[in-house]
Structure formats: C-alpha cells, structure tokens
Amino acid sequence: MRAILALTFAFLTGSLPSAQNAQLARFEVVGHSPPKNALGVARSSAIRLTFNQPLQAASLDAQSVRVFGRWSGVRAGTLQLSGGGRVLRFTPQSPFSPGELVQVTLERSLESVIGQHLSRGFAWSFWTDSRAGSGSYTQTGTLFPGDTPYGVHGGDIDADGDLDLCIPNEGTSDVSVYLNQGGGTFGVETTYAVGFHCSANAAADFDQDGDVDLVIANIEDDDLSVLIGNGNGTFQPQQRHAAGVEPRGVAVLDADGDGDTDFVSAHRVSSDLSLFRNGGAGTFAAEVRFDGGLNRETGVAAADMDGDGVIDLVVIGYSSHNAIVLRGDGLGAFQPLTPRVIGANPWKLALGDLNADGFVDVAAACSGANVAGIALGDGTGGLQAATTYATGSFPIAIELGDLNGDGLLDLGASCYGADFDLYRNLGNGLLGNHTTLPAPSAGSCMSLHDRDGDGDIDVTGVDELADRVLLFRQDG
C-alpha cells in the first residue's frame with residue numbers, strides 16, 4: 001500500500017467561532033477551487049475548500065478527502081489547513097493527466113472542532129487543460145485483443161505516469177491489458193477472465209489502497225466483475241456480483257457519502273438499475289434494485305447535476321428514447337426527475353459542460369437516428385430540449401474531451417456502421433468542424449486521452465468486428 005496523503009497543519013489566520021454562533025449553522029462547505037465543472041484547469045493546480053467552521057485535524061485522512069483523475073487515477077498529495085482551520089488545501093504530488101475529468105470527494109465523517117459532522121458527503125469535478133492540438137491524426141499502431149472488443153479504459157494502472165489500456169472482449173469473456181512503455185508504445189497483452197459478453201466498464205479505487213481497480217458489466221451473465229488492481233498493472237482474480245438482466249451501463253460514485261466508492265449498473269432487459277454499496281475494502285453488499293423511470297435503461301453516468309455537492313445519476317432509456325436525472329440524496333437513494341427526449345435508441349452517454357456555463361450537460365449516441373443528442377443541463381437537475389448532430393451509421397458510443405486545447409469539450413462518436421467521428425466545440429455548446437477517422441469494419445468505441453505523453457489529446461479507437469484497437473496520434 002502506498003501513501004496517499006501527507007498532512008500538515010498551519011492555522012495561519014482567523015479565530016475560532018464561539019460555540020453559540022457555530023451551533024447556529026450546520027457544518028458545511030461554503031467555497032471551493034477550482035469551481036464546479038471548470039474547464040481547462042492547470043494540471044498542477046492545488047485544490048482548496050473553505051468551511052464555515054474550523055476542521056478537526058484528526059478527522060482528515062486518505063479516506064475522508066479523495067482526489068481521483070479519470071486517467072491518472074488516485075492522486076497522492078499534501079493536505080494543509082490554514083485560515084484558522086477553515087481552509088483546506090490539497091497539493092498534488094504530480095500533475096493530473098492532460099484533458100481529464102478530476103473528481104474530488106469528501107466523506108461525511110469530516111468533523112469540525114465543535115464536533116459537528118457534514119450532513120452528507122460533498123463532491124465536485126473539473127477538467128484539466130491540454131496542449132493545443134493540430135486537429136490532424138495519424139494511425140501509429142494497431143493492437144489485437146480478444147474476440148469482439150468493446151469498451152476501453154485508457155488510464156494509468158501501473159502508476160508510472162503513462163496511460164495504459166484495458167479492453168473488455170465480449171466474445172472471449174476477458175479483459176486485455178496493455179501497459180504503456182512510454183511514448184504510446186505498448187507491451188505484450190495480459191488477459192483477465194471476467195463474465196460473458198463483457199462490455200461497459202469504469203475505474204475507481206474500490207479498496208482504498210491507492211491503486212486503480214475496474215468494474216465490468218457482463219451482459220449475458222447478468223452480473224458485474226470487479227478486478228482489484230495491485231498497483232503494478234496486474235489485477236487479482238475477479239469478484240462477481242449478480243445484477244439485473246443485461247447490464248449495459250455502469251457508473252462509479254460515493255452514493256452514500258461514507259468515503260468509499262460504490263457503483264451502479266443499468267439493465268436494458270429488466271429495465272431497472274442496481275446500486276452496489278462498498279463495504280470499505282472493495283467488498284460489496286448485494287444489489288439494491290431500483291427503478292430509473294424509463295423504458296429499458298441502457299446507460300448510466302454520475303455527476304452533480306444540480307450543484308448541491310451531492311452526486312446524481314443520469315440514465316438513458318433505449319426504448320423510451322430519453323434521458324433522465326435521478327437526484328441523489330447523499331445517503332444512497334435517488335429520485336427521478338422529469339425525463340427529456342434525447343434521440344432514438346440511445347446506446348451510450350457522456351457528461352460534461354459543453355456550453356461552458358458551469359452546468360453539466362448530457363451527450364448520447366442515438367443509434368436509431370444516426371445522431372448525437374445533446375441535452376444541456378439547467379443547473380437545477382433539469383435538462384433542456386435536445387439538439388442533435390448527424391453522425392455516421394448506427395452510433396453506439398460517445399466521448400467528450402478537449403481535442404484542440406481551447407478549454408472547451410469536443411465530442412467523439414463511434415459508429416458501428418461506419419467510422420469514428422470527431423466534432424469540435426465552436427462555443428456555446430455548438431459542434432462543427434467534423435473529422436472522420438477510419439475504422440476497418442465498425443467504429444465501436446473510443447478513448448480521448450494523451451496516450452503518447454506530449455500534452456495533446458490522442459484517439460484510441462476500438463473496432464469490435466475487426467477485433468483490433470487503432471492508435472491515432474494527434475500530429476505535433
């Protein structure tokens with residue numbers, strides 16, 4: 001187990017509140033930096049939180065304050081208290097990955113000096129900056145994983161600073177792992193057994209040891225596999241968790257604010273979702289099934305949609321053709337809000353602030369209409385009427401990332417009947433400047449990440465019919 005945090009305490013300015021005044025206000029976060037959903041944040045930026053009461057230093061540890069980069073993984077760093085104990089600063093030991101989504105999570109056990117705890121956990125996210133890109137791409141390599149690869153995690157699983165690849169293979173029921181040797185070149189494949197027709201996947205630190213773990217949905221086995229990482233690019237044998245019928249989506253979040261990471265799966269055939277609560281060491285209780293308010297729930301993602309510091313869920317319904325926000329209560333329950341039509345037969349979704357207004361928006365690959373559907377968030381949990389953009393035939397996956405380093409999120413759509421489509425953000429959430437990257441048979445899914453370590457965003461595309469992974473480098 002590697003150290004996650006170093007703690008230092010410097011009570012620099014300010015005074016303790018009187019017990020009478022402090023008890024009038026609930027202990028809570030009253031400010032933070034970077035702002036929620038900020039775009040283009042410098043990769044070495046410190047993270048700051050301001051509380052309305054001084055923190056009890058003894059309540060700070062690696063579980064109570066967690067920072068996780070989608071690609072860089074668990075971030076080690078130093079915690080420092082100042083401002084009379086009201087200001088908490090996290091300084092990362094190393095920079096975040098270019099253009100990645102960073103999640104900051106506080107456990108509700110955090111305590112003030114007068115003994116009050118947070119009533120709920122608190123979380124927010126932001127996107128880091130990336131280097132200006134040329135917009136042109138060259139295929140520099142091809143990988144050959146197992147049969148019918150679909151899904152990709154493009155993050156650092158061996159903690160060496162380079163982004164590796166984990167590819168679920170539906171036909172061979174395993175995950176192909178390729179470790180980055182530096183500069184975007186990869187070593188030999190290692191495989192790990194999971195369930196049949198494995199597909200949707202997500203990464204988190206489930207056992208709180210500082211290493212990256214994976215959860216993978218097994219469509220035909222009606223369950224999910226958890227692979228606990230060893231920190232060196234290898235994984236322990238799978239744990240299996242029964243779910244609904246045909247799990248096709250999975251999202252990771254601290255649903256109950258207890259300081260560990262849970263996950264939720266979406267099931268197309270049983271038309272519902274399941275919450276799996278983490279026991280704290282990467283072991284999970286049996287599913288808690290709940291309704292998503294749609295027809296044939298297929299995709300699920302997690303973000304704070306209403307700005308209250310509690311993570312919500314966004315779900316898409318394959319047969320109801322819409323997206324819905326499920327508002328989280330911070331204790332493990334979710335309340336469906338009003339659904340919004342997003343496009344015919346949405347297959348996958350992605351979340352991010354596309355129009356730079358500070359609110360999370362929803363993008364979906366709408367396979368039945370050959371479009372990408374965009375529903376802007378209104379900041380209160382609601383979704384506005386969708387705008388659609390034409391894609392190639394049968395889009396089945398969607399991704400967001402800053403391709404050209406302008407601080408705006410661009411979009412990638414993977415089209416099973418065609419290729420990989422990239423769209424530049426023109427401002428105000430409008431998309432254009434369409435670029436197509438070729439797929440031999442079927443553009444199935446992609447990852448937008450800095451695979452070669454030069455600071456700009458590359459594209460890793462998966463073709464599930466040709467059984468290969470295509471490495472596209474953004475030219476210099």
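Worth knowing before you read on, the calculation uses all heavy atoms, side chains too, and leaves out hydrogens, waters and symmetry mates.
- Note: H153 and W71 have tilted aromatic rings, judged against thresholds of 30 and 60 degrees for the angle between ring planes.
- Here L431 contributes atom CG and L422 contributes atom CG; the two are 11.5 Å apart, rounded to the nearest 0.5 Å.
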For the pair Q474 and V459, evaluate side chain to side chain contact (heavy atoms under 4.5 Å, CB included) and give the outcome as yes or no after the intermediate values.
CA-CA 8 Å; Q474 185 160 192; V459 178; over 6 Å; no
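- Closest heavy-atom contact between G381 and D378: N-OD1, 3.4 Å.
- Listed for the D361 side chain is a donor-acceptor partner under 3.5 Å among the backbone atoms of G377.
- Side-chain atoms of D174 never come within 3.5 Å of backbone atoms of V194 as a donor-acceptor pair (strictly under, hydrogens ignored).
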CA sep, side-chain torsions, deciding dist, call: L437, Q139, side chain to side chain contact (heavy atoms under 4.5 Å, CB included):
CA-CA 9 Å; L437 301 179; Q139 184 176 342; over 6 Å; no
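- A salt bridge does not link D406 with R424: every distance from a Lys NZ or Arg NE/NH1/NH2 to an Asp or Glu carboxylate oxygen is 4.0 Å or more.
- Under a 3.5 Å cut-off, the side chain of K36 and the backbone N or O of G358 do not form any donor-acceptor pair.
- With a 6.0 Å cutoff to the six-membered ring centre and a 45° limit on the axis angle, R70 does not count as a cation-pi contact of W127.
- Between F394 and Y416, the angle of the ring planes goes over 60°, which puts this pair in the perpendicular group of the 30/60° scheme.
- Judged purely by distance below 3.5 Å, without hydrogens or angles, the side chains of Q236 and N230 pair a donor atom with an acceptor atom.
- Under the 3.5 Å distance criterion, the side-chain polar atoms of D410 are matched with a main-chain donor or acceptor of N425.
- Here the options are V360, L326, D306, L253, the test is side-chain contact (heavy atoms from CB on, under 4.5 Å), and the partner is D312; only D306 passes.
- Distance alone, capped at 3.5 Å, is enough to place a donor-acceptor pair between the S134 side chain and the D475 backbone.
- Closest approach of P395 to C366, counting heavy atoms only: CG-O, 3.5 Å.
- The backbone N or O of S97 sits less than 3.5 Å from a side-chain atom of T128, completing a donor-acceptor pair.
- No salt bridge links E287 with R240; every basic N to acidic carboxylate O contact stays at or beyond 4.0 Å.
- Residues T138 and T140 have side chains that never bring a donor and an acceptor to within less than 3.5 angstrom of each other.
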Derivation and outcome, side chain to side chain contact (heavy atoms under 4.5 Å, CB included), residues R451 and L471
CA-CA 9 Å; R451 193 182 55 244; L471 308 178; 3.6 Å; yes
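- Each of D458, D156, T460 was checked for a side-chain hydrogen bond (donor to acceptor under 3.5 Å, both in side chains) with H449, and the lone residue meeting it is T460.
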Do R66 and T261 pass the side chain to side chain donor-acceptor pair (under 3.5 Å) test, and can you show the C-alpha distance, the side-chain angles, and the key distance before you say yes or no?
CA-CA 10 Å; R66 289 170 293 132; T261 303; 3.3 Å; yes
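- Nearest heavy atoms, G407 versus D402: N-OD2, 2.8 Å.
- Salt-bridge annotation for D329 and R327: absent, with no side-chain N of the basic residue lying under 4.0 Å from a carboxylate O of the acidic one.
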Give the intermediate values and the outcome of side chain to side chain contact (heavy atoms under 4.5 Å, CB included) for residues N169 and I167.
CA-CA 6 Å; N169 303 300; I167 312 291; 4.1 Å; yes
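- In this structure, CG in L354 is found 7.0 Å from CG in L411, a value given to the nearest 0.5 Å.
- A side-chain donor from one of E100 and S72 sits under 3.5 Å from a side-chain acceptor of the other.
- Just one residue in the list P92, S94, P95 forms a side-chain contact (heavy atoms from CB on, under 4.5 Å) with S44, and that residue is P95.
- Contact record, D262 with F276: CB-O, 3.2 Å, taken as the closest heavy-atom pair.
- A distance-only check finds a donor-acceptor pair linking the side chain of N180 to the backbone of L163 [under 3.5 Å].
- Side-chain atoms of T185 come within 3.5 Å of backbone N or O of G182 as a donor-acceptor pair.
- The two residues F235 and D213 have their closest heavy-atom pair at CE2-CA, 4.4 Å.
- A side-chain N or O of D223 and one of N218 form a donor-acceptor pair less than 3.5 Å apart.
- Tested against H267, the residues R296, R289, E297 include a single side-chain contact (heavy atoms from CB on, under 4.5 Å) partner, R289.
- Contact detail for D456 and D450: the closest heavy-atom pair is O-OD1, 3.0 Å.
- The backbone N or O of L430 sits nowhere less than 3.5 Å from a side-chain atom of N428 that would complete a donor-acceptor pair.
- D421 and H434 share a donor-acceptor pair across their side chains, judged by distance under 3.5 Å alone.
- Rounding to the nearest 0.5 angstrom, the gap separating the CG atom in D454 from the OG atom in S130 is 10.5 Å.
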